[in-house]
Protein chains: 2
Amino acid sequence: MNVMTEIDRQRRPGPRIEEVARLAGVSKSTVSRVINDERYVSDKARDAVHTAITHLRYSPNQAARSLAGSKANAIALIVSEQSGRVLGDPFFAGVLRGVHAELTGRQIQLLLLLSHPEDHDDLLAYLASGHVDGALLVSLHGDDPLPRRLQEIGLPVVVGGRPLGSGSVPFVDSDNFTGGLDAVRHLVSLGRTRIATVAGPRDMAAGLDRLSGWRRGLGEARLPADLVAEADFTPESGARAMTELLDRAPDVDAVFVAADIIALGVLQVLHARGKRVPEDVAVVGFDDSLLASTATPPLTTVRQDVEQLGRTMTWRLLGELAGEDGLPPSLLLPTSLVRRASA
Amino acid sequence: MNVMTEIDRQRRPGPRIEEVARLAGVSKSTVSRVINDERYVSDKARDAVHTAITHLRYSPNQAARSLAGSKANAIALIVSEQSGRVLGDPFFAGVLRGVHAELTGRQIQLLLLLSHPEDHDDLLAYLASGHVDGALLVSLHGDDPLPRRLQEIGLPVVVGGRPLGSGSVPFVDSDNFTGGLDAVRHLVSLGRTRIATVAGPRDMAAGLDRLSGWRRGLGEARLPADLVAEADFTPESGARAMTELLDRAPDVDAVFVAADIIALGVLQVLHARGKRVPEDVAVVGFDDSLLASTATPPLTTVRQDVEQLGRTMTWRLLGELAGEDGLPPSLLLPTSLVRRASA
DNA sequence: TCGTGCCATGAACGCGCTCTCACGGCCCTA
DNA sequence: TAGGGCCGTGAGAGCGCGTTCATGGCACGA
């Protein structure tokens, strides 16, 4: 009957593990062992398999590996954000680069998931059914329950940027406190005495920690820590904040700004008000993004290595997946002051 | 014998299609039909399955679907670049956002693949074995053979940005020619007569097409098209190019710059040389990135909608995957002039 | 009344791999 | 020489689905 069975539904091209085995003169099992770099394979067999693989340009089918091995061979990078704005953020780009760098060479896919908070349930259902082996989370706001809920479904998680919530989720962050502290110390060393800050949003640890560093620095120098204005990560809000500071304290002679992009607005207002930078008002930013070096004047800023942040997050997650122990629950990465013209 | 078989190796949690079927009182087949939205399912069965799915928080295993259905339910976004620099690029970020936006709601994963040209063989082997159903390519340089080779292995491809090579790969691009033309027309309407350009690299169509637009604009106005300098996408190279232009033609009164980020360097040099913008030299950029609005002075620029570019690429690819016909081989997206202070 | 379609459904096979299990060869010790 | 362990290997089950194929119910016309 089944005369026409030959034309079965289209299958993906490329060799199968079976053919590699045949060419190498071993069994599928041995090929699988070689691929997964397991013990108990003779050098001879290993070489034969490798040769066959390169010869046939064989690449194992991930879907089948995942299904049989009951692991996904993939991790998720989850961006928890209302708008898709984060994607344009150099911070995110750096993290992404770092994650990717750490992943190359291993056979692990990166799934990029954007999650609007109202879709968290869908996201959890998706992640709960084993599509990824672990998750990286960035750009958390306030006390987002997502990391905790991911932990509850048993998925290893590493958060980028200290989360504000209670609980104890492993995270990797830049040392924002010390960064802020160093910025102020630098301004103090310049002889400045009326040192203000434009702080970041209060619902993110980065903002709070940099603010704390600023406070600490002023405390060290026995200077008043009264000049605080707040901004989100836009030049416009930075302009508003600086305007407010100038109105409150016309004698301000330095500002520590929680992000380069905010500092852009600060510089605009300073320029408009006839204040020279750094002669009248010294400005220190944070991030050392591209914006810092191209601003007028080029911005002295606290450099954080976001690519390293991405790498470290990934390293920490993969370590946990590999069952390593002795992993640090959380990590703080050093920052450094980059001196340019503005302070 | 197999007394202890109960403790089988750890499986991912969550219900299986089997349990959904049982709860809904139907067979696995029917559940599968409902999930894949096929015909020949009674309303009653369909409702029962949907109820069971939400009740159990069922989410089908992608690996199993891919394996059984012999399609990956995933597409790749391939970034072909030496360094990982592209990731920080707002252009890339915008495309990524667009791709993602177009993908949400469908059950299609996005795999992000960075490919260094020397790894193209690995990449091809990987893609050839059915890990994705199609590929999106961005940031091609020169006559990269990658898109052709992908087509040869039968993988549907859409390129972002017109590729330079011969052959006919479907692509989506901004209308760079018209963008450049409009920029020059604007400068001409301002009464400028010595209109230079800082062109982009010659190994990318975006650079060439914008340059052609500039040439055309000058031809229309019967002005000489002799002032061309070249730069890559950095402020530094822009500064070098502008310096060269000023040396060659001190009377230059306008510059069309092929990218905002290049224009940053141009502005710096102009400022350093004591040229007022726009009074002495009018400047028009390209992209309308964040840099444009925060530059001093804010940059008049040609806006291209990169998010739309990403969306369109994805739409085109998914259309091909769905077997639709009448799809346009390639598409050009309109640009628009954004007037700010610099011209 | 009996066919003839079409619709709705379920049983069972197989996607390509990993993993368990069994087995045979080897070296060491008794 | 016999026994025991370790190394290297292959056979085969099964991961969770999609997909065919067979079957049975129903409305319709003859």
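Values in this document were obtained by computation on a predicted structure and should not be read as measured data. Within every chain, numbering begins at 1; the chains are lettered A, B, ... in the order of the sequence lines, protein sequences first and strands thereafter.
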Among [options], the one nearest [X] by side-chain distance:
X: B/R65; options: C/dC15, D/dC15, D/dC17; answer: D/dC17
X: A/S29; options: C/dT18, D/dA11, D/dC17; answer: D/dA11
X: A/L67; options: C/dC17, D/dT19, D/dC15; answer: D/dC15
X: B/Y58; options: D/dC17, C/dT9, D/dG10; answer: D/dC17
X: B/A64; options: C/dT9, D/dC17, D/dG14; answer: D/dC17
X: A/K28; options: D/dG18, C/dT18, C/dG10; answer: C/dT18

Would you say a side-chain N or O of [X] is under 4.0 Å from OP1 or OP2 of [N]?
X: A/Y40; N: D/dC7; value: yes
X: A/N61; N: C/dC15; value: no
X: A/S42; N: D/dT9; value: yes

Interatomic distance where [atom1] belongs to [X] and [atom2] belongs to [N] [whole Å]:
X: A/K71; N: C/dC17; atom1: NZ; atom2: P; result: 15 Å
X: A/R39; N: D/dC7; atom1: CZ; atom2: C1'; result: 9 Å
X: A/R16; N: C/dT18; atom1: CZ; atom2: C1'; result: 16 Å
X: B/E38; N: D/dC17; atom1: CD; atom2: P; result: 15 Å
X: A/E19; N: C/dG16; atom1: CD; atom2: P; result: 10 Å
X: B/H131; N: C/dC15; atom1: NE2; atom2: P; result: 17 Å
X: B/N73; N: D/dC17; atom1: CG; atom2: P; result: 13 Å
X: A/R46; N: D/dG8; atom1: CZ; atom2: C1'; result: 11 Å

Separation of B/L150 CG from B/H120 NE2 (nearest 0.5 Å):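 Here the rounded value is 8.5 Å.
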
Distance in Å, B/E320 CD paired with B/D325 CG, rounded so as to fall on 0.5 Å steps: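 Separation between the atoms: 11.5 Å.
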
Between [X] and [Y], is there a side-chain N and carboxylate O pair less than 4.0 Å apart?
X: B/R148; Y: B/E152; value: no
X: A/E18; Y: A/R22; value: no
X: A/R149; Y: A/D121; value: yes

Ignoring hydrogens and angles, does a donor from either the side chain of [X] or the base of [N] sit under 3.5 Å from an acceptor on the other?
X: B/S27; N: C/dA11; result: no
X: B/T30; N: C/dA8; result: no
X: B/R33; N: C/dG10; result: yes

Over 12 non-hydrogen atoms of neighbours within 6.0 angstrom of CZ in A/R46: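 Yes, enclosed.
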
Audit row: B/Q308, B/T312, side-chain hydrogen bond (donor to acceptor under 3.5 Å, both in side chains) steps and yes/no: CA-CA 6 Å; B/Q308 186 59 45; B/T312 308; 3.2 Å; yes

Touch class at under 4.0 angstrom, heavy-atom based, for B/A63 against every strand present: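 No contact.
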
B/P147: which of B/I78, B/L155, B/V159 passes side chain to side chain contact (heavy atoms under 4.5 Å, CB included):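 So the option named by the test is B/V159.
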
Terminal helix-axis angle for the helix from C/dT1-D/dA30 to C/dA30-D/dT1, with five pairs defining each axis and rounding to 10 degrees: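 The two end axes of the helix from C/dT1-D/dA30 to C/dA30-D/dT1 meet at 50°.
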
